[in-house]
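Numbering of ligands and ligand atoms starts at 1, following listing order. Note that these values count all heavy atoms, side chains included, but never hydrogens, waters or copies made by symmetry.
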Amino acid sequence: MLLKKNKQTNRAELKINGVKYHLDIIEGSTGEKALDIRQLRSDTGLITLDPGYKNTGSCCSSITYLDGEKGILNYRGYAIEELAEKCSFVEVAYLLLHGELPNLEQLNRFRHLLRRYALIHEDMIHFFDHFPPNATPMSILSSMVNVLCNYYPEMSDDPLENIDSTAARLISKIRTIAAFSYKKSIGHPLVYPRYDLDYCGNFLNMMFDRPVIPYEVKPEIVATLNKLLILQADHEQNCSTSAVRLVGSAGVNLYAAISAGINALWGPLHGGANQAVIDMLEAIYKDGNDFKKYIEKAKDPDDPFRLSGFGHRVYKTYDPRAKIIKKACDETLAILNISDPLLDIAKQLEEVALNDDYFKKRKLYPNVDFYSGIIYRAIGIPTNMFTVMFALGRLPGWIAQWKEMWEDPETKIGRPRQIYAGPTKRELIPLHER
Ligand code: SDX
């Protein structure tokens with residue numbers, strides 16, 4: 001992927017011990033600039049150090065652009081607000097994977113693959129019987145996705161061979177695995193996918209249909225779920241996407257790389273925050289709605305408590321996804337005629353935090369996870385599956401990023417360096433003398 005050198009000053013000058021070095025400045029399509037340090041160690045003997053990679057780009061990518069200061073998020077150049085309003089999740093998944101929105105023929109073919117690949121091997125269903133009853137859904141999801149490679153081993157040495165059908169297979173089956181694991185967890189009979197239902201309608205039906213009481217797939221709820229999955233579909237080089245790229249760069253199959261991404265997303269600092277938000281709101285509710293007490297806890301440097309769903313490594317303004325989800329909260333609860341006290345607490349928490357100097361100074365705003373759980377709760381999805389829902393949404397983004405990595409001729413196995421700070425060389429004392 002060729003990036004143009006910065007027009008004005010395409011080189012930076014670095015002076016070390018009186019010696020001048022020059023580093024190229026490269027510029028992306030939206031004007032973002034980076035120091036190209038690919039020759040830094042060979043030229044200067046120095047490396048850079050950047051814990052958490054706050055200032056370090058791992059790759060050039062054409063998939064997602066976000067501006068953390070302005071609260072902008074685009075997939076392949078399309079604004080998230082427009083995609084969430086006008087497209088289906090399957091359309092956006094196609095956009096992320098192929099770089100263009102599908103025409104009707106392409107969309108129907110993709111839809112057909114997703115519906116055709118919805119089943120999992122019957123042998124895999126027995127695995128659910130052998131997880132502990134209290135097994136966490138994310139541990140089941142990453143295990144089952146990882147084991148898929150044994151049922152579909154046609155991933156040849158060329159990672160991109162059959163990638164379109166492999167991507168459709170994985171996007172379809174992860175949804176079935178999620179719904180089946182839920183049904184198993186509540187002891188209900190499995191509901192199999194149906195060819196006549198679309199991606200989100202099929203998921204809702206597999207989750208909530210029962211032999212005794214049939215589930216009505218409401219178009220408004222299908223629309224809400226499409227919107228939530230679209231908003232979670234990609235987010236440039238976040239922790240779990242970086243895990244998919246790093247594990248994938250070793251040449252392992254796609255299923256294993258995605259399983260690594262699922263495990264990274266599970267963390268409460270990352271995708272697990274949507275579950276942590278509900279746990280936090282429920283604790284505040286049980287504590288007599290004393291949300292100011294929790295605001296003070298979050299501000300206390302000696303208290304490990306943080307406001308879940310608040311703050312972001314990149315967004316230093318309101319997460320554009322959170323704005324859309326907050327609006328969808330009110331709409332969905334109205335459709336379902338539900339009033340959830342946790343939503344009122346969330347709104348009060350936001351109101352107080354956004355006017356508090358601690359949060360303002362650190363530019364901490366609600367992120368994608370702050371309100372999404374309220375909607376999942378209203379739909380009937382259990383709290384311990386909220387991060388599974390995030391994984392369903394993020395999967396097309398992970399696959400698109402993995403595919404882009406393998407299409408990039410500059411891709412190498414990911415292997416960061418370090419600065420050693422341990423003991424210098426010392427003699428080994430024999431055991432009997434120690
Ligand atoms: C996701 O990267 C992505 O794009 C992720 C994501 C995606 O789509 O893939 O957007 C999804 O993971 C969203 C984030 C979900 N996580 C949470 O909601 C957990 C709560 N948030 C924080 O833990 C935190 O804000 C992070 C982890 C999200 C970001 O942490 P950073 O960038 O490493 O920032 P930091 O820890 O250095 O915090 C800077 C300051 C610190 O205070 P000081 O040391 O300067 O005094 O802000 C404080 C922090 O203590 N702070 C918070 C806070 N978040 C940061 N204080 C209270 N509550 C919080 N939530």
Ligand 1 to C239 polar contact by distance, N or O atoms, under 3.5 Å
no
Would you say K54 has any N or O atom under 3.5 Å from an N or O of ligand 1, going by distance alone?
yes
For Q232 and ligand 1, answer yes if some heavy atom of the residue is under 4.0 Å from a ligand atom, otherwise no.
no
Atom 7 (C) of ligand 1 [closest protein heavy-atom partner, distance rounded to 0.1 Å]:
R394 NH2, 3.5 Å
F370: heavy atom below 4.0 Å from ligand 1, yes or no?
no
So for ligand 1, is K316 a polar contact partner (N or O within less than 3.5 Å, distance only)?
no
N/O of F390 under 3.5 Å from N/O of ligand 1, yes or no?
no
Check ligand 1 against N238 and write out every atom of the ligand that is under 4.0 Å from a heavy-atom position of the residue.
2 (O), 3 (C), 4 (O), 5 (C), 9 (O)
Within the structure provided, determine whether L35 and L14 are in side-chain contact (heavy-atom separation under 4.5 Å).
no
Within a distance under 4.0 Å of any heavy atom of R362, pick out the atoms of ligand 1 and give their elements.
40 (C), 42 (O), 43 (P), 45 (O), 46 (O), 47 (O), 48 (C)
Any cation-pi pair here, R362 with Y358, using under 6.0 Å and within 45°?
yes
Could I get the full list of side chain to side chain contact (heavy atoms under 4.5 Å, CB included) partners for K70, not counting sequence neighbours?
D67, I72
